There are 2 protein chains.
Amino acid sequence: MADTAIARRGTRPSADATRDAILTAALDEFAERSFDGATMRAIATRAGVTQPLLNYHFSAKDELWRAAVDRLFASLDRVIAARAAGLRGVDELTATKLIVREFVEFSARNPQLHRIITAESKTDGPRLDWLVDHHVRPIYDATTNRFARLTELGLLPDVAPVHLYYLLTGGAATMFVLAPECRRLAGIDPFADDTIAAHADAVVALLFGSSEPER
Amino acid sequence: MADTAIARRGTRPSADATRDAILTAALDEFAERSFDGATMRAIATRAGVTQPLLNYHFSAKDELWRAAVDRLFASLDRVIAARAAGLRGVDELTATKLIVREFVEFSARNPQLHRIITAESKTDGPRLDWLVDHHVRPIYDATTNRFARLTELGLLPDVAPVHLYYLLTGGAATMFVLAPECRRLAGIDPFADDTIAAHADAVVALLFGSSEPER
DNA sequence: GTCTATAATTAGATAGAC
DNA sequence: GTCTATCTAATTATAGAC
C-alpha cells in the first residue's frame, strides 16, 4: 500500500481519488452483473468519468477487475486480523465464535465478496486461478486448520473441515448475496442491523450448538 | 407437459429431440456463464446445431432462458414430490431430515439450479421477478412453513424461518455451486457419491443436531 | 426444420486534442 | 489526467434458400 503510493508520486492530485472512485464503481458492477455483464461504460458512468479513462488507469478490463478484487480482500484481511489480534489469550472456541460473527458481519456489509467469488468459482478459468492463488487459499487453509483443531478437541461435530467450510461460508453469506430475492420472499431487509445480528446468532448456534451469543 | 406435447403435434419427428438438446445446452451455459456471459452461438455449438435455429425454436434469448429454467424446476418439483409422497405416515422430523437429504442430493446432481438462482438474485430485474413468482416462492413458503411447525414442536432451534432457509439452501448448495473452487482448495471431487452423502450428513447434523443419518 | 448470409447493435480498446 | 471521436470485433436477431 505504501509501495503504490510511492510508485504513484508525481501524479496529479485528483488521480488517486479518481482511481478510487473507479475501483468502487467497478466492484459494485462486477458483483451485481458478473464479469461479462459488467460493461466498462457502466462502470465509468457510475464513477462519474468517461469510459476511455478506465483504460488509462487500468490497461484492460480484467486488470481493473483484479485491482477491485484486491482492494476488497485487503479490507477483509484487515478486519479479520484486527479482530483476531484483540482476542489473544481468549480460549479457541470463544475466539472462533467471535471471528465467525465478524465474518458474518463483513459478508453482510460487503456482499460483493461472495457475489464475485460465486460468479468466478462456477467455471474454471484464469480469473478463478488468480482468485484462489492470491486470496481464497490462505483463508481456506486458516479456516480449516482452525476447524480441525476444534474438532480434535471435541468442540465441533466430527465432520471433515471442507464440509464445515462450505456450510459456514454458504450459510453465512447466501442471505446477503441474494438480498433482492430475500426482500421479495420474506419481506425483510437482510441488511438491517438486527437481521444481521440474528443471522450471526443462527450461524454460531448451528455450527457450535450454542444458543447464547457472546460478545 | 401434456399440453406442450399436444400443442406441438404436427412438428417433424426430430424437432422435439432438437428442442431438448438446445434446452440442455442452454441450461449448462446459463449456469456456468450467467445470462450475459452465455452466448447464443455457444449454446448452439454445445447443442450441435447452428445459432439461428435457437431463434426458430425460441423467439429470443430470454425466452430460451425461461424454458430451460422451467424444465429444471419441474425436475426438482417432481423429485421432491415423489420423496414426500413416499413418506406419508412418517413423523415430521424424520420426514424433514429425509427431504433435506433429497434436496442436498438434487443440488449436487443439478448445480445449475443454485448457480442460476444466485446469478439472477443478486440484482433486481425482470428475470428475478419471474423466477420468484413462478418457482422460488412456492418452495420458500413450503419450506418455511415446515420449519415453523418444527420450531413450534421444539424440534428446531428457535430461529426465524428465513434464517434457517438461507442456512439450509446456502449450506447445502455452495460446495456444489463452487465445485471448481472446491477441487482446487480441498483436492476432492465434490460430486463423488461419498462426498455428497457426507455433505448431506453434515447439513442434517448441523440443522437437527443428529449425528445418525437415517434412510 | 435447418441451414447460410447478413443486418443492427453494442462491446472493449485506441488516437489524438486539450 | 481527462476528454471526444472512432476502430474493430462480437453479439442477437432476421431474411431467405433448401
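Here the structure is a predicted model, which is why all the values come from computation and not from measurement. Side chains included, hydrogens not; waters and symmetry mates left out as well; all remaining heavy atoms used.
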**Q** Within this structure, what is the CD1-to-P distance between A/Ile22 and D/dG1, rounded to whole angstrom?
**A** 12 Å
**Q** Among residues at least two apart in sequence or on other chains, which ones pass salt bridge (charged side-chain N to carboxylate O under 4.0 Å, His left out) with B/Arg46?
**A** B/Asp28, B/Glu29, B/Glu32
**Q** Sequence neighbours left out, what passes salt bridge (charged side-chain N to carboxylate O under 4.0 Å, His left out) with A/Arg41? Give chain and number order.
**A** none
**Q** Apply side chain to side chain contact (heavy atoms under 4.5 Å, CB included) to A/Asp129 and list each qualifying residue two or more places apart in sequence or on a separate chain.
**A** B/Arg184
**Q** Look at A/Thr50 and D/dT2 and indicate whether a side-chain polar atom (N or O) is within less than 4.0 Å of OP1 or OP2.
**A** no
**Q** Return each pair, listed once, that meets ring-ring contact (aromatic ring centres under 6.0 Å, His included) where at least one residue sits in residues 113-133 of chain B; pairs must be two or more places apart or across chains.
**A** B/Trp65-B/Trp130, B/Phe103-B/His114, B/Trp130-B/His134, B/Trp130-B/His135
**Q** If the sugar-phosphate is the primed atoms plus P, OP1 and OP2 and the base is the rest, what is the B/S/- string for nucleotides 12-18 of chain D, using protein heavy atoms under 4.0 Å?
**A** BBB----
**Q** Restricting to side chain to side chain contact (heavy atoms under 4.5 Å, CB included), what partner residues turn up for A/Arg137, sequence neighbours left out?
**A** A/Val132, A/Asp133, A/Asp141, B/Leu185
**Q** Starting from P on C/dT14, measure out to CG on A/Leu53 and report it in whole angstrom.
**A** 14 Å
**Q** Any chance the side chains of B/Lys122 and A/Thr118 put a donor and an acceptor closer than 3.5 Å?
**A** no
**Q** Without decimals, in angstroms, what is the distance between A/Leu64 CG and C/dG12 C1'?
**A** 12 Å
**Q** Which atom pairs, one a donor and one an acceptor, fall under 3.5 Å between side chains of residues 167-182 of chain A and the rest of the protein, sequence neighbours left out?
**A**
| unit_1 | atom_1 | unit_2 | atom_2 | d |
| --- | --- | --- | --- | --- |
| A/Thr169 | OG1 | A/Tyr165 | O | 2.9 |
| A/Thr174 | OG1 | A/Gly170 | O | 2.5 |
| A/Glu181 | OE1 | B/Tyr166 | OH | 2.7 |

**Q** Could I get the full list of side chain to side chain contact (heavy atoms under 4.5 Å, CB included) partners for B/Ser75, not counting sequence neighbours?
**A** B/Arg78, B/Phe106
**Q** Within residues 25-32 of chain B, which residues have any heavy atom lying less than 4.0 Å from an atom of DNA chain D?
**A** none
